[in-house]
Amino acid sequence: MWGRFRKAGGKVADVLRTEHKAGEGKRPHNLFEAAATYVTACADDDQARADEAAGWVSPEALSFGVNELACRAVIALARERGESPESVARDLLGLPAA
């Protein structure tokens, strides 16, 4: 099941990649690079870098990437702690246990 999900996510990622700008020799950033940079910039309180990363992809693509990063992070942390993803997410947000 996860394999199909990852395969579908990969297809979405390919579709949402940014285009090369005229005269640029660099490869374009993909939505996961944008999401990782955006989230780390926000964590470091670096608004300029967050704004730069937000410009690499469409707002919809950035939202998808940030959501995917959040899901993967919560799952990884839950495995590390030996807890459920729900309890980890609630703890990270400062919410009471359900």
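FYI, the numbering just counts along the sequence from 1.
Contacts of Asp46 classified as side chain to side chain donor-acceptor pair (under 3.5 Å), with partners at least two apart in sequence or in another chain: none. Applying the salt bridge (charged side-chain N to carboxylate O under 4.0 Å, His left out) criterion to Glu52, with sequence neighbours excluded, gives Arg49. With sequence neighbours excluded, the residues that form a side chain to side chain contact (heavy atoms under 4.5 Å, CB included) with Val66 are Ala35, Tyr38, Val39, Leu62. Qualifying side chain to side chain donor-acceptor pair (under 3.5 Å) partners for Ser84, counting only residues two or more places apart in sequence or in other chains: Ser87. Residues satisfying the side chain to side chain contact (heavy atoms under 4.5 Å, CB included) test with Cys71, not counting sequence neighbours, are Asn67. In this structure, Ala70 has no side chain to side chain contact (heavy atoms under 4.5 Å, CB included) partners at least two apart in sequence or on a different chain.
A distance-only check finds a donor-acceptor pair linking the side chain of Arg90 to the backbone of Pro96 [under 3.5 Å]. Side-chain atoms of Thr37 do not come within 3.5 Å of backbone N or O of Ala34 as any donor-acceptor pair.
The other residues sharing a hydrophobic cluster with Leu95 are Leu93, where clustering joins ILVMFWY side chains under 4.5 Å apart.
Pairing each heavy atom of His29 with each of Val57, the nearest pair is O-CG1, 4.1 Å.
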Pairs of donor and acceptor atoms involving the side chains of residues 73-82, under 3.5 Å and at least two apart or interchain, shall be tabulated with distances.
| residue | atom | partner | partner atom | Å |
| --- | --- | --- | --- | --- |
| Arg81 | NH1 | Asp91 | OD2 | 3.0 |

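Under a cut-off of 6.0 angstrom, the local environment of CG in Asp44 is crowded, with over 12 non-hydrogen atoms contributed by other residues, nucleotides or ligands.
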